[in-house]
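Both counts, for ligands and for their atoms, begin at 1 and track the order of listing.
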Amino acid sequence: MKNIAILGATGSIGTQTLDVLRFHKDDFNLIGISAHRSTQSIMNIIDEFLPKTVAMTDFEAYNIILDYCTKKGYDIEVNFGIEGLNKVATRREVDIVVTSVVGMVGLEPTLNAIWAGKTIALANKETLVVAGELVMSEAKKNNVTILPVDSEHSAIFQSLQGNKMNKIDKILLTASGGPFRGKKIDDLSAVTLEDALKHPNWSMGPKITIDSSTLMNKGLEVIEAHWLFNCDYDKIEVVVHPQSVIHSMVQYEDGAVIAQLGTPDMKLPIQYALNYPSRKSNIGGTLDFKTLRTLTFETPDLQTFKCLDLAFKAGKLGKLMPCILNAANEACVSLFLNNRIEFLQIGDVVEECMNKFDYNKEVTLENVKSIDKEVRDYVFKKYE
Ligand code: NDP
Ligand code: MG
């Protein structure tokens with residue numbers, strides 16, 4: 001039996017993780033959960049799984065859940081805020097922490113979970129983008145395993161199994177290309193929020209769906225891959241593969257390419273991380289090679305989708321630059337989701353912030369939090 005905590009239990013990854021736990025109910029105990037303000041969903045999860053600890057990061061939602069547990073007579077610890085996330089992530093019984101909150105808010109609880117020696121099933125890519133250096137070195141120091149949940153990174157991780165001793169030539173990170181694949185700048189000037197939210201293959205939370213439409217998601221994943229697999233940026237190649245069947249590949253020194261294929265369903269990478277190193281039966285669908293006709297590949301258009309180019313640049317510059325990129329992007333996506341800025345402004349504002357802010361500082365938790373706030377404040381003040 002493995003004891004699980006899910007940070008962000010009400011989101012797209014969180015609810016699919018719950019589906020995996022339901023399907024493998026003899027293998028897992030749900031010990032802790034968190035959400036921001038989705039009180040009804042949290043109440044449903046509490047009634048079904050009776051976890052030992054809950055955290056809500058919105059104060060009103062925290063009070064509602066506290067009242068609910070008291071009225072129901074549940075012996076459940078209800079916590080508030082970042083401190084609450086840290087408590088859930090470090091609870092004594094927990095073996096694996098699934099980090100599926102959205103945004104850089106995932107960094108602190110992930111670090112706390114690492115310091116407490118928990119295995120991390122990492123969905124929250126922003127954590128590695130803003131402080132990959134710190135997170136990976138703390139994981140190493142504390143002998144903690146970080147298991148990727150992001151589908152591409154899970155595919156790379158699976159393609160690396162049994163090959164520890166062999167030299168990688170490159171990582172081939174696949175990208176669907178998003179809803180605007182093939183479009184040029186002029187076509188993108190008038191796209192609406194609704195257009196951007198229509199991902200062709202994956203059903204995900206709103207922030208990552210917008211990131212997928214700008215290709216920033218792939219940029220964040222390049223930085224994530226750099227840290228997870230200790231791979232130079234020059235050895236990470238993004239390949240647009242619109243069918244999302246090949247989830248990513250590793251090319252070895254001898255030219256052999258090993259890939260992981262599957263349907264576009266996050267339950268497979270989630271359950272691979274939770275069951276690792278075993279493989280277990282899966283609720284998700286399987287590929288049917290009798291109907292699967294074509295797998296195609298393209299090179300990404302870095303002129304039109306400049307966020308991907310900016311992320312490569314930020315990653316190569318290192319230090320606080322990926323954090324600046326991420327903070328500007330989180331602020332811009334939030335503004336775009338509220339119809340406050342245009343689609344193409346996302347890349348422009350991220351670039352503006354990368355030119356404006358000083359990145360040349362050590363990656364400490366304090367410096368990361370401080371530059372993150374500075375950049376967000378600037379973007380919200382100027383563009384809201
Ligand atoms: P969702 O928006 O669907 O869910 C986000 C979760 O985080 C919810 O539980 C939400 O609670 C909680 N949350 C939101 N804001 C805050 C906050 N300020 N503080 C604490 N918790 C908060 O996101 P996804 O599940 O799509 O994505 C989660 C992470 O996983 C992201 O980093 C994403 O990049 C990554 N990922 C997602 C994939 C997917 O298929 N969805 C694929 C690969 C990676 P509430 O419901 O109360 O708002
Ligand atoms: Mg991904």
_Tell me whether Q16 has any N or O atom under 3.5 angstrom from an N or O of ligand 1._
no

*Within the structure, does G14 bring an N/O atom to less than 3.5 angstrom of an N/O atom in ligand 1?*
no

_Under a 3.5 Å distance rule, please check whether D265 uses its side chain to pair with a backbone N or O of K267 as donor and acceptor._
yes

*What is the name of the N/O/S atom in E152 that sits closest to the Mg ion (ligand 2)?*
OE1

_Close-contact set for ligand 1 against M266 heavy atoms, below 4.0 Å_ = 40 (O), 42 (C), 43 (C)

*asked:* So, of the N/O/S atoms that D150 has, which is the nearest one to the Mg ion (ligand 2)?
replied: OD1

*asked:* I'd like the name of whichever of T99, T17, V102 reaches closest to atom 5 (C) of ligand 1 through any heavy atom.
replied: V102

*asked:* Under a 4.0 angstrom heavy-atom cut-off, which atoms of ligand 1 come close to T10?
replied: 8 (C), 9 (O), 10 (C), 11 (O), 45 (P), 46 (O), 47 (O)

*Which of the numbered atoms in ligand 1 are below 4.0 angstrom from a heavy atom of E126?*
31 (C), 32 (O)

*Before accepting this row, confirm whether a basic side-chain N of the pair K207/E126 lies closer than 4.0 Å to the acidic partner's carboxylate O.*
yes

*asked:* For ligand 1 and S34, I'd like to know whether there is a polar contact (N/O to N/O, distance under 3.5 Å).
replied: no

*Would E342 and S189 count as having a side-chain donor-acceptor pair, cut-off 3.5 Å?*
no

*P300 and F305, any side-chain heavy atoms less than 4.5 Å apart*: no

*Provide, to 0.1 Å, the distance between atom 43 (C) of ligand 1 and the closest protein heavy atom, together with that atom's residue and name.*
D150 OD1, 3.1 Å

_I76 side chain reached by I46 side chain, heavy atoms, under 4.5 Å_ = yes

*Do you know which N/O/S atom name in E221 is closest to the Mg ion (ligand 2)?*
OE2

*Just distances here: any N/O of H36 and N/O of ligand 1 closer than 3.5 Å?*
yes

_Numbered atoms of ligand 1 (with element) below 4.0 Å of G8, judged on heavy atoms_ = 6 (C), 7 (O), 9 (O)

*Salt bridge check: are E351 and K306 linked by an N-O gap of less than 4.0 Å?*
yes

*Looking at E60 and R37, does any basic side-chain N land under 4.0 Å from a carboxylate oxygen?*
no

*Going by distance only, is there an N or O of M204 that falls short of 3.5 Å from an N or O of ligand 1?*
no

_Atoms of ligand 1 close to R37 [distance to a heavy atom under 4.0 angstrom, numbered from 1]_ = 45 (P), 47 (O)

*What atoms in ligand 1 come closer than 4.0 Å to a heavy atom of A35?*
11 (O), 47 (O)

